[in-house]
Protein chains: 2
Amino acid sequence: MPETSTATPESLSQTLAESGLRATPQRELVFNILLKKRDHPTADEVFARVKAEMPTISLATVYNCLETLVQCRVVRAVNFERGPTRYCPNQKPHAHFHDEQTGSTHDIDLPPGLLDQVKTILPEGYDANSVEIIFRGKAQS
Amino acid sequence: MPETSTATPESLSQTLAESGLRATPQRELVFNILLKKRDHPTADEVFARVKAEMPTISLATVYNCLETLVQCRVVRAVNFERGPTRYCPNQKPHAHFHDEQTGSTHDIDLPPGLLDQVKTILPEGYDANSVEIIFRGKAQS
DNA sequence: GTGAGATTTAGAATTATTCCAATAAACTAA
DNA sequence: TTAGTTTATTGGAATAATTCTAAATCTCAC
Ligand SMILES: [Mn+2]
Ligand SMILES: [Mn+2]
Ligand SMILES: [Zn+2]
Ligand SMILES: [Zn+2]
């Protein structure tokens with residue numbers, strides 16, 4: 001299992017404040033749920049998990065919170081196929097491995113410098129501020 | 001502009017036959033439309049372009065044809081954000097550059113060996129059969 | 001405590017895609 | 001050819017994911 005680097009629950013309120021946003025119970029819970037099980041859940045899955053602890057929360061709020069967390073860059077939205085967006089609280093530069101057998105998604109640590117190295121293939125005139133790498137295949141067990 | 005490598009209109013019928021599928025006018029037209037303007041159109045955009053030449057075609061057929069072409073591997077389905085799937089007839093291994101200003105997507109040629117090199121970062125037990133690379137940023141003009 | 005602005009909420013609306021059942025077209029065998 | 005069989009297309013209904021909207025609730029500054 002790769003190491004992960006994330007905002008902590010404590011630093012979240014800090015980060016939100018820096019964007020002029022409030023640290024609401026809903027935002028904190030959505031974030032904590034993402035931290036608890038790092039399996040790249042969909043909004044619906046997050047909703048189900050969150051609802052178990054806060055039965056009155058709405059799906060619209062889960063979407064709102066996820067969007068907010070993505071804007072604040074404490075969560076990454078992951079899209080690599082038709083189908084619902086998945087959410088990832090791993091802040092470290094990492095790639096995604098999509099296991100085609102199980103449908104599960106794993107984080108892959110990137111060696112330092114790899115993203116910059118990959119960027120060197122860009123022709124003149126292209127200036128990338130992010131690089132995303134997605135593997136597809138079979139992962140053992 | 002990167003070189004592209006694609007199936008030709010002639011080889012399409014061949015490729016379809018190899019999969020036991022028929023080379024229908026709809027499939028050929030959808031494919032030719034993709035070849036004509038390589039801007040990674042959505043199914044809706046393909047539908048509009050195709051309809052100009054074959055006014056009776058249906059959107060369902062466009063989806064069916066695109067799906068067939070993807071299965072035959074003469075077209076790639078591209079998904080890197082919420083929103084409709086985009087389609088690309090470039091068969092060569094290439095990355096995508098998403099220009100955030102214009103929303104347009106450009107093909108980026110990959111130096112030979114780059115994908116294999118990137119695969120070497122995978123830990124034991126991960127066996128990737130494909131690697132996708134997506135850049136986001138600003139492209140000149 | 002009040003008022004302004006931010007956030008949440010339920011439900012409606014929208015978008016993209018898939019499904020379905022009926023028709024049409026193409027291929028096969030006689 | 002033609003009848004039978006399979007494949008493909010079509011329009012419309014259905015579904016899935018997300019976004020929108022307007023009303024209620026909450027928070028913060030005063
Ligand atoms: Mn999505
Ligand atoms: Mn899509
Ligand atoms: Zn991740
Ligand atoms: Zn492409």
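This one's a predicted model, so the numbers in the text were calculated from it and none came from an experiment.
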Hey, are [Y] and [X] close enough side-chain-wise for a donor-acceptor pair under 3.5 Å?
X	Y	result
H96(A)	H98(A)	no
N90(A)	D107(A)	yes
N64(A)	Q26(A)	no
N32(A)	E53(A)	no
D109(A)	H94(A)	no

Every protein N/O within reach of nucleotides 1-11 of chain D N/O, cut-off under 3.5 Å:
from, atom 1, to, atom 2, distance (Å)
dT7(D), O4', R22(B), NH2, 3.3
dA8(D), OP1, R22(B), N, 3.0
dA8(D), OP1, R27(B), NH1, 2.8
dT9(D), OP1, T24(B), OG1, 2.6
dT9(D), OP1, Q26(B), OE1, 3.4
dT9(D), O3', Q26(B), NE2, 3.2
dT10(D), OP1, T56(B), O, 3.4
dT10(D), OP2, S58(B), N, 3.4
dT10(D), OP2, T61(B), OG1, 2.6

The helix from dG1(C)-dC30(D) to dA30(C)-dT1(D): angle between end helix axes, five pairs per end, rounded to 10 degrees: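 That helix has its two terminal axes inclined by roughly 30°.
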T105(A) and D99(A), any side-chain heavy atoms less than 4.5 Å apart: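 They are not in side-chain contact.
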Do you know which two heavy atoms are closest between Q140(B) and E124(A), and how far apart they sit?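 Closest approach of Q140(B) to E124(A): OE1-O, 4.5 Å.
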Gap between atoms [atom1] and [atom2], on [X] and [N] respectively (whole Å):
X	N	atom1	atom2	answer
L66(A)	dT8(C)	CG	C1'	14 Å
N79(A)	dT18(D)	CG	C1'	12 Å
D44(A)	dT15(D)	CG	P	16 Å
E67(B)	dA16(C)	CD	P	18 Å
F47(B)	dA16(C)	CZ	P	14 Å
E45(B)	dT15(C)	CD	P	14 Å

Any Y63(A) side-chain N or O less than 4.0 Å from OP1/OP2 of dT18(D):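 Yes, within the criterion.
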So, OP1 or OP2 of dT18(C): does either fall under 4.0 Å of a side-chain N or O from R82(A)?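 Indeed, a polar side-chain atom of R82(A) lies that close.
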Compute the centroid of each ring, for H106(A) and then for Y126(B), and state whether the two points are separated by less than 6.0 Å.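 Yes.
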Does K119(B) have more than 12 heavy atoms from other residues, nucleotides or ligands lying within 6.0 Å of its NZ?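 Yes, NZ of K119(B) has more than 12 neighbouring heavy atoms, counting only those of other groups under 6.0 Å.
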